[in-house]
Colleague: 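Could you have a look at this structure, given as structure tokens, before my questions?
Throughout, protein chains are lettered first and strands after them, A, B, ... in sequence-line order, and every chain is numbered starting at 1.
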Amino acid sequence: MRFSQAFLPTVKEVPKDAVDASHVLLLRGGYIRMIGAGIYEMLPLGQRVLKKIIAILREELDAAGCQEVLMPAILPASYFQETGRWDVYGDVLMRLKDRKGGDYHLAPTHEEIITDMVRRDVRSYRQLPLNLFQIQMKYRDEPRPRAGLMRCREFLMKDAYSFDVDDAAARKSYATMRSAYERIFTRLGLDFRIVEADSGQIGGDTSAEFQILAQSGEDRIVACDACDYAANVEVAEARIPEAEPPKEADMKPRELVETPGTKTIEQVVAFFEKEGFGVEDVIKSLVYVAPKADGESEMVMALVRGDHEVNEVKLARLMGVDEVHLASDEDVGRLLRTKVGYVGPVKDALPEGVSIRVVADHAVGSILNGVAGATKTQYHFRHVNFGRDFDAELHHLRQVGDGDECPRCGGTLHAYRGIEGGHIFILGTHYSSKMNATFLDDDGEAKPFVMGCYGIGVTRLMAAAIEQHHDDDGIQWPLSIAPYQVIVLPLGNDEQVAAKAEAIYEGLKAKGVEVLLDDRAERPGVKFKDADLVGIPLRVTIGNRGLKNGVAELKMRTGADAEDVPMDEIVEVVAKRVRGE
RNA sequence: CGGGGCGUAGCGCAGUUUGGUAGCGCGCACGGUUCGGGACCGUGAGGUCGAAGGUUCAAAUCCUUUCGCCCCGACCA
């Protein structure tokens, strides 16, 4: 492609609304343009990158035995009504009506449709296993689209769905997809971790996220430095340190202390620190509301050490609900007759007749002579002990963080930020049983398909790759997904230089290399800046200087230095480099 | 949904407090000089100031309503 003919509008100034590196560089580099919140156009360069990613996906999925299908983006409401997601999805679903007033929506994901597709035509175990995938736009009215392609309302997604006869077979499909994903992410040039994760609304018991490590990632994960344990902090566990429970003999008498103006842990610590108490002596008591499916809700008191945070996903699992949220000041006042900030678990201090479930993190069980709220506004207790002063169910309840011990091997966990690039699930019969999708097994019985689903956010990967591969000057595409592999820069207006560049351009094209020739009548500085911004992996520069010595300059986008290559070898050298030789 | 910010030329912004002929930089077009890290000089095109209503002799500027975008939080296969 000739730069002079390319629709490749690069921009010098940073667009006002872009913050993250990938967003800024995709806009500046002429890859995408925004049309509305979370809605983008792909310009030619962006489309080329997408096609590269898609090609890798297709190759690896085909190799894994998957078959590609295409499903409608616009769906009648009936399918999501069958599984209840018409209601569950709430405002995230882009709903619309046709001229007759019928309910439709844009597909945020396709489990129902694929299940329907399979139940129509698959009747026998002999037709299984089956793994179907699609690559297409999906639609979610996100509460907050952000960061360019990172979180969009319309986004390109690859989803695969497996159908098996039983759990064992489903696990096999899952394992196959897991290794296919490892190959895919590796080929995309991404530094990633496979982490244990919460399955969320989609259901199912086994799932893993493919997290792309990046400072700007929305997710927080931990990974062990000694074994391959890695998990999203939502579900991460840490080894419980072998701590002696407090001995009766060491317990001091509990005392009520007036502590005005100490609503936060920080204030409590400041108040008690001259007496030798630290933040790890404080018992943080938080009241949560767990809304049950039947509309009722239960209150629960969750205890963690002062320097720890409650893991709300784990708390919700513990309570058997989808989610929990902190109780409002009013809720707390009504139940415990105290202000938020002075809540505590001490039994004797709770208002008469009040009973509340109390759950605590293991670390709370081993605090000796701790500090806790007195369930009385402006008061705390000192010398509070588990067992003597309060009871609680001990669980893994806190958020795991950097420096915690690995639950598997005792190694050290490190914290990272990640971008969720893929998520694979074993769904079981969650959808198939609701939708009465069954096959006849070899014993002659009708059984629901055992399903799995496997998603990759294609447009998001494009952004994630940039988050991981850029510098101050621009993008540094991995060779496997770069829009062009090589950019040829003739400098100055020397006709011989132009002719030489032309020859190299043609030579590379003839060898199947994807080349961009910057034949614009621009000054050298402009061409260099644009080449760096756009992020083409290999750069061949031809100038007067080199021409005199019979050499072209070859530079990797990621490298610091350029090397001189004899003019008559440059095509072959570059072609080899592109082939990875 | 809560908090904050912003809509003025293709892009980035000033002008709004204190109403009075809409400006700057980049980009774009033309001419000239220049040519290895976003050159310089000259000329020029380009704006119903997000939209609607109101106040006023007069509104980018004041008032009301409304739409959109960004950031933080809540939320999120």
Colleague: Among B:rA74, B:rG12, B:rA39, find the nucleotide with the atom closest to the side chain of A:Val526.
Modeller: B:rA39
Colleague: Rounding to an integer number of angstrom, what distance separates B:rG47 and B:rG12 when you compare their C1' atoms?
Modeller: 16 Å
Colleague: By nearest atom, which of the nucleotides B:rA74, B:rC69, B:rG12 is closest to the A:Ala37 side chain?
Modeller: B:rC69
Colleague: Check the pair A:Glu60 / A:Arg183 against salt bridge (charged side-chain N to carboxylate O under 4.0 Å, His left out), numbers first and verdict last.
Modeller: CA-CA 7 Å; A:Glu60 293 298 338; A:Arg183 283 194 299 278; 2.9 Å; yes
Colleague: Please name the residue in the list A:Leu554, A:Ile487, A:Leu516 that meets the side-chain contact (heavy atoms from CB on, under 4.5 Å) test with A:Arg539.
Modeller: A:Ile487
Colleague: Pick the C1' atom in B:rA60 and in B:rG23, then give their distance to the nearest Å.
Modeller: 12 Å
Colleague: Side chain of A:Asp530 only, please: which of B:rC6, B:rC70, B:rG38 is the nearest?
Modeller: B:rG38
Colleague: Between B:rC13, B:rC69, B:rG36, which nucleotide has the shortest distance from any of its atoms to the side chain of A:Thr541?
Modeller: B:rG36
Colleague: Take atom CG of A:Asp518 and atom C1' of B:rG37, then tell me their distance rounded to the nearest Å.
Modeller: 13 Å
Colleague: Is the distance between the ring centroids of A:Tyr31 and A:Trp477 under 6.0 Å?
Modeller: yes
Colleague: For the side chain of A:Arg153, counting heavy atoms from C-beta on, which of B:rG38, B:rC69, B:rC76 is nearest?
Modeller: B:rC69
Colleague: Taking the P atom of each, how far is B:rA51 from B:rG7, in whole Å?
Modeller: 13 Å
Colleague: Return the 5'-most residue of the pair A:Ile542, A:Lys16 with respect to RNA chain B, ranking by each residue's nearest nucleotide.
Modeller: A:Lys16
Colleague: Rounding to an integer number of angstrom, what distance separates B:rA59 and B:rG50 when you compare their P atoms?
Modeller: 15 Å
Colleague: Please tell me which of the listed nucleotides, B:rG37, B:rG38, B:rC70, lies nearest to the side chain of A:Arg28?
Modeller: B:rG38
Colleague: Kindly say whether, by distance alone, the side chain of A:Arg146 makes a donor-acceptor pair under 3.5 Å with the base of B:rG73?
Modeller: no
Colleague: With distance as the sole criterion, do the side chain of A:Glu13 and the base of B:rG25 form a donor-acceptor contact below 3.5 Å?
Modeller: yes
Colleague: What integer number of Å spans the P atoms of B:rG46 and B:rC63?
Modeller: 33 Å
Colleague: From B:rG36, B:rC11, B:rG27, pick the nucleotide closest to the side chain of A:Lys12?
Modeller: B:rG27
Colleague: Say you pick atom P in B:rC70 and the same atom in B:rG54; how far apart are they, in whole Å?
Modeller: 32 Å
Colleague: Ignoring the backbone of A:Val11, work out which of B:rC13, B:rC11, B:rC70 is nearest its side chain.
Modeller: B:rC11
Colleague: So which nucleotide does B:rU48 pair with, by the Watson-Crick or G-U wobble rule with both distances under 3.5 Å?
Modeller: none
Colleague: What nucleotide, of B:rA39, B:rC70, B:rC6, holds the atom closest to the side chain of A:Met34?
Modeller: B:rC70
Colleague: Does A:Arg539 get its side chain close enough to the base of B:rG37, under 3.5 Å, for a donor-acceptor pair?
Modeller: yes
Colleague: Is A:Arg545 close enough to B:rG36 that one of its side-chain N or O atoms is under 4.0 Å from OP1 or OP2 there?
Modeller: no
Colleague: Provide the Watson-Crick or G-U wobble partner of B:rG53, both distances under 3.5 Å; none if there is no partner.
Modeller: B:rC63
Colleague: When the P atoms of B:rU61 and B:rU43 are compared, how many Å lie between them, rounded to an integer?
Modeller: 33 Å
Colleague: Do A:His423 and A:Glu420 get their side chains close enough for a donor-acceptor pair, meaning under 3.5 Å?
Modeller: yes
Colleague: Among B:rG36, B:rG38, B:rC76, which nucleotide has an atom closest to any side-chain atom of A:Pro524?
Modeller: B:rG36
Colleague: Taking atom C1' in both B:rG20 and B:rG27, compute the distance separating them and give it to the nearest angstrom.
Modeller: 32 Å
Colleague: Let me spell it out: for each of A:Lys138 and A:Asp532, pick the nucleotide of RNA chain B with the closest heavy atom. Which residue's pick is nearer the 5' end?
Modeller: A:Asp532
